[in-house]
2 protein chains.
Amino acid sequence: MATIRDVAKEAGVSVATVSRVINSNGYVNEETKKKVEKAIQLLNYKPNAVARSLFKKQSMTIGLIIPDITNPFFPQLARAVEDVTNEKGYTIILGNSDESSEKEQEYLDIFEQKYVDGIILATNTLTVEQIASLGKPVVAVDRPIDSGVPTVVAEHRRGAQAAVRHLLDTGCQTIAHIRGPEHVVSADERCKGYLDIVKDKPWFSDQLVINGHYAINDAYKAASELIKDRPDVDGIFAGNDLMAIGALKAARELGKKVPEELAIIGFDGIDMCETTFPELSTMVQPIYELGATAANMLIELIENRRVNQQYYEYPVQLKVRNSSRGRPPKDVNHADNI
Amino acid sequence: MATIRDVAKEAGVSVATVSRVINSNGYVNEETKKKVEKAIQLLNYKPNAVARSLFKKQSMTIGLIIPDITNPFFPQLARAVEDVTNEKGYTIILGNSDESSEKEQEYLDIFEQKYVDGIILATNTLTVEQIASLGKPVVAVDRPIDSGVPTVVAEHRRGAQAAVRHLLDTGCQTIAHIRGPEHVVSADERCKGYLDIVKDKPWFSDQLVINGHYAINDAYKAASELIKDRPDVDGIFAGNDLMAIGALKAARELGKKVPEELAIIGFDGIDMCETTFPELSTMVQPIYELGATAANMLIELIENRRVNQQYYEYPVQLKVRNSSRGRPPKDVNHADNI
DNA sequence: ATAATCCATGTAACGGGTTACAAAGTTTTT
DNA sequence: AAAAACTTTGTAACCCGTTACATGGATTAT
């Protein structure tokens, strides 16, 4: 690997001059520039990013921590982040945290040691203190951490309300909620949205809220029991699509017809929704956009150290498919209390 | 950020001594060690990974290039790579190449400049020369590049043969193949496997092989036309699960019953297969294992500079589900010619 | 007792860039 | 014509660890 000194020697100039031409700053005579460029070509010189980072205290890399790339919500998010940061010359380090705060802190330490320029967090076990102590730009996506941290999210609560309202509109009389993990903001918010709509209904009881940890299998089990224990439940709002798919599976196996006997709606809008049978209704989040906006904001923060808007909340959109469509809307009183 | 010199001053020793204690090499008096550790604690010192990299010419990071993390095959692979490398203290840089050789070369250049210690490639637009010129350990996963490059793959061809044989066994009389993109090794191999079995059948013709680019929509379109144009086709072997799902959708929309009138089988074994209706038969690859083995091999290469086995070919497994099950096997002559 | 080892620690060069500063030549201003 | 400003280039310090080498004292071997 050729170094800048090799190039300097080859071109018969000093390293400073070479540095000036590769970074196009400072004065360099046109002739000299050509000589240097020829030497660079000849030696196939590529500047050493590590040496550069050491001096500049920045690395053109950004850290991305997500709970689990295997969860179909995150690949799109990660892809968006990669696309926009890569466009600006950044490279991304990916970390799966499995919702573990130790793992997250470990990654944060590594990021610090590697002079990562900024961090995108789709997790929320970290405290503001941990984040602030980094002294680096951080943006939270999908899961808000603290009002002090720039954030990009979807309207979890409002979306949940709309989902539940949709189930009511479609004639459901008793709606259960399979919620995501406790202490995960998105899950909490969606659960609140559900409660906003149903808490004062005569049929409502706490038992209608079940924990499903955002995973197919948990929801499958939860829904199986629910369907057996509570034959009156005719609508399920799942905290995410994966869990809705689990519920769908449970319904199919137990012979409960969807949507006739049981309407199901999810949340997120992952691709899988279109390949289930029946196709899954959902509240679609603009996943790619969330990631892209977070990445753009982060780069702004990195390059300008400030940003005009530091909180984005994207609307979600009701997408009605066959898992909740075509139920004869009955004439039921379901005045929304929101 | 405290530096090693700050720690040295605080502990009243030289930087060499501090370096010795953080790396536990060389002689250090027990007392001195304690003083240094106290200073480290006090200053919350973390060694600068960039400075270390510059000197050691290694960065404890590995580069991973995949076509597209959004394709459900890759998250599991990436997860496996992250899990095993992270365990050994490595961190991963992720790049999506979109099958573009320019993007791949770009990433390779960046990896070189960042002193990445090794690279895992799930792509195959690169040449051996490009790879060799890196002078770094590289392992190919899923798609072999050249016999000179350590490789971890599944038995694409044999798996394809088994898939097609399964369709024959289940009574299919005319089997089409929706293949993956040309020049992608896995797609080529699977296509060969298909041809191995069918090329001498009286019903075989070139038209039965259609290109679907490994994507749902392409396959959906291809299958729609196929179903209309060739009502005699009663079996489809799709080059991957995504395309099988596309075909499933086409069949459903055109009222072709699966599996009674049309059996469908995919390849890969992604999670989605279990959530489609009917559930999708497939040849399952040990995806996580592929990634884990590749990662382990890479680390071996990085740390020992050699490896005992440099080619792994994992068997794939036929998983029969409802998209091909329960067809009355007719008494048809389908002597395998392999 | 003396040489050979071992233990403990420090000094300084090194890795490969970047940039402040200096020096000297050119051009513009007044 | 002298001063000011601009252009061009080089020298060397700096970023922050790591490690070769040197030094000196304590042990052990012979």
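Worth knowing before you read on, the calculation uses all heavy atoms, side chains too, and leaves out hydrogens, waters and symmetry mates. Throughout, protein chains are lettered first and strands after them, A, B, ... in sequence-line order, and every chain is numbered starting at 1.
- Checking A/D109 against A/Q105 by side-chain atom types alone, a donor-acceptor pair falls below 3.5 Å.
- Within the structure, the ring-ring contact (aromatic ring centres under 6.0 Å, His included) test picks out the following pairs touching residues 59-113 of chain B (sequence neighbours left out): B/Y107-B/F111.
- We find that OH of A/Y115 is positioned 7 Å from C1' of D/dC16, with the value rounded to whole Å.
- Within the 3.5 Å criterion, the main-chain N or O of A/T125 finds no donor-acceptor partner in the side chain of A/S101.
- Residue pairs that meet the salt bridge (charged side-chain N to carboxylate O under 4.0 Å, His left out) test with at least one member in residues 5-23 of chain A, sequence neighbours left out, do not exist here.
- The side chain of B/Y27 contributes an N or O atom lying less than 4.0 Å from OP1 or OP2 of C/dC7.
- For A/I22 and C/dG16, the CD1 to C1' distance is 10 Å, given to the nearest whole Å.
- Between A/N23 atom CG and C/dG16 atom C1' there is a gap of 13 Å when expressed in whole angstrom units.
- One atom, NZ of A/K114, and another, C1' of D/dC16, lie 16 Å apart when rounded to the nearest Å.
- One can place CD1 of B/I4 at 14 Å from P of D/dC15, the figure rounded to the nearest angstrom.
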Acceptor/donor pairs from residues 22-44 of chain A side chains to any protein atom, 3.5 angstrom cut, sequence neighbours excluded:
residue	atom	partner	partner atom	Å
A/N23	ND2	A/S19	O	2.9
A/N23	ND2	A/S19	OG	3.3
A/N29	OD1	A/E31	N	2.7

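- Remark: B/A51, B/L54, B/F55, B/K57 in residues 49-58 of chain B come within less than 4.0 Å of DNA chain C through at least one heavy atom.
- Rounded to an integer number of Å, the gap from CD of A/E112 to P of D/dC16 is 13 Å.
- Under the 4.5 Å side-chain criterion, counting only non-hydrogen atoms from C-beta, A/P150 is in contact with A/L301.
- For A/D268, the salt bridge (Lys or Arg N to Asp or Glu O under 4.0 Å) partners two or more places apart in sequence, or in a different chain, are A/R190.
- Here the side chains of B/I145 and B/T151 are not in contact, with every heavy-atom distance at 4.5 Å or above.
- Scored by the salt bridge (Lys or Arg N to Asp or Glu O under 4.0 Å) test, B/D117 finds no partners at all (sequence neighbours excluded).
- Residue pairs meeting the salt bridge (charged side-chain N to carboxylate O under 4.0 Å, His left out) criterion with at least one member in residues 88-104 of chain B, sequence neighbours excluded, are A/R79-B/D98, B/D98-B/K103, B/E99-B/R143.
- With sequence neighbours excluded, the residues satisfying side chain to side chain contact (heavy atoms under 4.5 Å, CB included) with A/E313 are A/V153, A/E155, A/Y311.
- Where the helix from C/dA1-D/dT30 to C/dT30-D/dA1 starts and where it ends, the local axes point in directions that differ by 40°; five pairs per end, rounded to 10°.
- A/S19 comes within 4.0 angstrom of a nucleotide base, judged by non-hydrogen atoms across all strands.
- The two residues A/A140 and A/P144 come nearest to each other via the heavy atoms CB-CA, 4.5 Å.
- The CZ atom of B/R5 sits 13 Å away from the C1' atom of D/dA13 (whole-angstrom rounding).
- With rounding to the nearest 0.5 Å, the separation of CG in A/L64 from CG in A/L77 is 7.0 Å.
- Taking side-chain N and O atoms only, B/N48 has no distance below 4.0 Å to OP1 or OP2 of D/dC15.
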Just the table, please: protein N/O against nucleotides 10-12 of chain C N/O, every pair under 3.5 Å.
residue	atom	partner	partner atom	Å
C/dG10	OP2	B/S14	N	2.8
C/dG10	OP2	B/S14	OG	3.0
C/dG10	OP2	B/T17	OG1	2.7
C/dG10	N7	B/R20	NH2	3.4
C/dG10	O6	B/R20	NH2	2.6

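- Contacts between residues 28-45 of chain B and DNA chain D, defined by a heavy-atom separation under 4.0 Å, are made by B/Y45.
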Quiz: residues 290-300 of chain B side-chain donor-acceptor pairs under 3.5 angstrom, not counting sequence neighbours:
residue	atom	partner	partner atom	Å
B/T293	OG1	B/E289	O	2.8
B/T293	OG1	B/Y314	OH	2.6
B/E300	OE1	B/N304	ND2	2.7

